[in-house]
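Letters go in sequence order (proteins before strands), and every chain restarts at 1.
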There are 2 protein chains.
Amino acid sequence: MKPETNEKVDRRVQRTRQLLSGALMSLIVEKGYDAITVQNIIDRANLGRSTFYAHYQDKEDLLLRGMENIVHSLIGDENVARRDEGDEGDEETPRILSAVLIFQHAKEQHSLHKAMVGGRGIDVIIKTIQTHLSQHVEERIQELLPEGQTPSVPTQITANYLAGTMLTLLTWWLDNNMPYSPERMDEIFQELAMPGVWATIGVTP
Amino acid sequence: MKPETNEKVDRRVQRTRQLLSGALMSLIVEKGYDAITVQNIIDRANLGRSTFYAHYQDKEDLLLRGMENIVHSLIGDENVARRDEGDEGDEETPRILSAVLIFQHAKEQHSLHKAMVGGRGIDVIIKTIQTHLSQHVEERIQELLPEGQTPSVPTQITANYLAGTMLTLLTWWLDNNMPYSPERMDEIFQELAMPGVWATIGVTP
DNA sequence: TTCATTACTGAACACTGTGTTCGATATCAG
DNA sequence: CTGATATCGAACACAGTGTTCAGTAATGAA
């Protein structure tokens with residue numbers, strides 16, 4: 001409702017939201033999303049029941065509103081908002097999606113990642129990540145596409161395919177206790193997933 | 001007949017299980033798995049509450065035990081148990097996974113498919129399908145692998161990748177109201193996913 | 001047909017978790 | 001200081017779960 005003026009939020013509100021969000025995150029790692037009750041959350045955060053419902057509709061609402069942060073903390077901001085460029089230096093192989101960053105990040109915070117996307121992950125989270133990644137990839141493809149050329153497969157599908165493959169590999173890797181290095185996983189990703197993409201967009205790296 | 005095998009189940013038992021399973025399936029299509037209560041199921045099946053709990057632990061138990069049928073009805077028996085062979089005739093392009101059958105099947109029963117794997121699907125079902133498909137694919141890859149050759153990527157990963165890609169595409173297709181024909185989707189699948197696979201196993205189709 | 005066995009019935013119950021309400025209390029900004 | 005706003009927490013109504021048990025019905029074997 002209020003664009004900018006609304007910066008006069010009571011300090012208590014910010015603190016409350018942060019406590020709730022933090023409580024949820026730590027509980028997710030500990031016992032998994034499904035097993036968490038609202039009572040657990042407010043106990044952990046030391047807040048009253050009605051306070052919780054004054055801020056969020058339910059457990060899922062809390063999860064969803066904290067999603068931005070979660071996605072960043074899962075995938076890494078570098079990847080999420082990689083409008084930057086870089087890749088300069090060597091032109092040799094353009095990168096559409098740098099799997100290595102994601103796998104490295106997952107290794108650092110593997111408890112969180114495992115709770116979120118491994119095993120019985122939280123499907124809302126997975127879908128969101130998939131959507132973000134997919135969008136990011138689609139933009140990258142558009143950039144790489146030669147002038148006026150039409151790929152043999154709609155870019156939306158290709159983007160979706162790449163994002164999905166990324167998550168499939170990540171999930172497998174986490175479920176199997178990270179048996180290869182992030183660098184190796186990136187190699188595998190590039191080797192399995194990319195040839196088809198290069199062919200469809202008519203670029204030979 | 002089976003002398004010893006404990007197949008002497010009361011006809012009522014079979015009928016009961018079938019009613020419950022059928023009730024669950026129709027309810028899934030109607031309102032989605034999450035929204036279903038045990039009460040809904042027994043109302044639809046016209047059975048008593050205690051009868052339900054005499055057979056199954058809970059809603060998920062019912063789902064899991066009926067899974068075999070479900071997976072078959074989703075993927076199509078031809079694909080699930082494709083130990084057959086065929087593929088004779090033309091040797092031209094060996095098929096590891098025939099996506100066209102799956103997409104065709106999904107089109108015929110798209111309400112069920114959508115409820116199961118589209119949008120907010122049932123993750124237990126998706127995981128199960130992924131596992132079955134992945135196993136099937138791994139066997140096919142082993143068959144195609146030239147004598148004594150070691151692929152550059154572990155076959156388990158490749159199989160997982162292919163099954164995951166299949167499901168990613170299928171989900172996208174269902175979520176977007178099947179904008180292309182099953183045949184076209186199969187083409188896309190072969191074009192995007194397979195080149196990397198051929199490269200890693202050292203086969204050029 | 002008879003009859004012991006096995007399966008289904010359905011109401012009652014205890015239990016867990018949800019989401020709301022409201023008066024009392026604490027903390028805010030000005 | 002003061003009025004506005006946020007939190008507290010107990011109490012409540014509600015929905016769904018899973019169990020129990022005495023009564024009833026169907027089954028299959030003799």
Side-chain angles (χ1 to χ4, degrees), chain A residues 1-28 30-66 115 120 122-124, chain B residues 1-28 30-66 115 120 122-124:
Chain A
M1 12 190 77
K2 37 310 308 306
E4 68 293 35
T5 54
N6 200 0
E7 228 19 295
K8 61 210 301 38
V9 191
D10 202 313
R11 291 204 302 268
R12 288 170 289 176
V13 173
Q14 293 212 13
R15 180 178 160 277
T16 296
R17 295 197 177 140
Q18 206 156 339
L19 282 176
L20 287 174
S21 192
L24 178 63
M25 297 283 281
S26 65
L27 283 167
I28 285 177
E30 276 175 42
K31 52 196 303 197
Y33 181 70
D34 288 338
I36 298 173
T37 70
V38 172
Q39 196 61 48
N40 294 150
I41 300 173
I42 60 182
D43 284 352
R44 171 75 48 108
N46 266 308
L47 293 172
R49 190 168 188 70
S50 49
T51 304
F52 177 93
Y53 286 106
H55 287 275
Y56 303 101
Q57 285 208 330
D58 51 31
K59 202 178 68 167
E60 184 168 313
D61 188 30
L62 171 57
L63 179 74
L64 258 47
R65 300 224 205 171
R120 271 216 190 187
I122 308 173
D123 52 351
V124 191
Chain B
M1 48 273 318
K2 22 301 296 295
E4 71 303 14
T5 53
N6 203 357
E7 228 18 298
K8 33 133 86 314
V9 191
D10 199 313
R11 290 205 304 267
R12 287 172 288 176
V13 173
Q14 293 211 14
R15 179 178 161 277
T16 297
R17 295 196 178 142
Q18 206 155 338
L19 282 177
L20 287 174
S21 192
L24 178 63
M25 297 283 279
S26 65
L27 283 167
I28 284 177
E30 275 175 42
K31 53 197 298 198
Y33 181 70
D34 288 338
I36 298 173
T37 70
V38 171
Q39 197 61 48
N40 294 151
I41 300 173
I42 60 181
D43 285 352
R44 172 75 47 109
N46 267 310
L47 293 172
R49 187 167 190 71
S50 48
T51 305
F52 177 92
Y53 286 105
H55 288 275
Y56 303 101
Q57 285 208 331
D58 50 30
K59 203 177 69 170
E60 185 168 312
D61 189 30
L62 171 58
L63 180 73
L64 257 48
R65 300 224 204 171
R120 272 215 189 186
I122 308 172
D123 50 353
V124 192

Exercise. If you find the nucleotide of DNA chain D closest to B:Q57 and the one closest to A:V13, which residue's nucleotide is nearer the 5' end?
Worked result: A:V13

Exercise. For D:dC8, does OP1 or OP2 lie under 4.0 Å from any side-chain N or O of A:T51?
Worked result: yes

For this session: Would you kindly give the CZ-to-P distance between B:R15 and D:dA25, to the nearest whole Å?
Result: 15 Å

Seminar exercise, completed: When every non-hydrogen atom of A:L62 is compared with those of A:L20, the smallest separation belongs to CD2-O, 3.9 Å

Exercise. Just to confirm, is there a sub-4.0 Å distance from OP1 or OP2 of C:dA29 to any side-chain nitrogen or oxygen of A:R11?
Worked result: yes

For this session: Measure the distance from CD on A:Q14 to P on C:dA29 and round it to the nearest whole Å.
Result: 11 Å

For this session: Send over the distance from A:R49 CZ to D:dA13 C1', rounded to a whole Å.
Result: 13 Å

Problem set entry | Gap between atoms CG and P, on A:N40 and C:dG19 respectively (whole Å) | 14 Å

Exercise. Taking A:S26 for the side chain and A:A23 for the main chain, is one N or O donor matched with an acceptor at less than 3.5 Å?
Worked result: yes

For this session: Using a 4.0 Å heavy-atom cut-off across all strands, classify A:N46 as base, sugar-phosphate, or nothing.
Result: sugar-phosphate

For this session: Using the six-membered ring of A:Y33, assess whether NZ or CZ of A:K59 lies under 6.0 Å from its centre and within 45 degrees of the ring axis.
Result: yes

For this session: Before accepting this row, confirm whether a basic side-chain N of the pair B:E30/B:R44 lies closer than 4.0 Å to the acidic partner's carboxylate O.
Result: yes

Exercise. D:dG16 P sits how many Å from A:D58 CG, rounded?
Worked result: 15 Å

For this session: Check every atom of C:dT18, D:dT27, C:dT9 against the side chain of B:D10 and return the nucleotide holding the closest atom.
Result: D:dT27

Problem set entry | Donor-acceptor pair under 3.5 Å, B:S50 side chain vs C:dG10 base | yes

Exercise. Are any non-hydrogen side-chain atoms of B:R49 and B:Q39 less than 4.5 angstrom apart?
Worked result: yes

Exercise. C:dA7 phosphate, OP1 or OP2: any side-chain N/O from B:T16 under 4.0 angstrom?
Worked result: no

Exercise. Rounded to the nearest Å, what distance is computed from the CD1 atom of residue A:I41 to the P atom of nucleotide C:dG17?
Worked result: 12 Å

Exercise. Rounded to the Å, how far apart are A:R12 CZ and C:dC28 P?
Worked result: 6 Å

Exercise. Under 4.0 Å between a side-chain N/O of B:H55 and OP1 or OP2 of C:dA7, yes or no?
Worked result: no

For this session: Would you indicate, yes or no, if D:dG18 has its OP1 or OP2 atom less than 4.0 angstrom from a side-chain nitrogen or oxygen of B:Y53?
Result: yes

Exercise. When the distance from CD1 of B:I42 to P of D:dG16 is rounded to whole Å, what number comes out?
Worked result: 12 Å

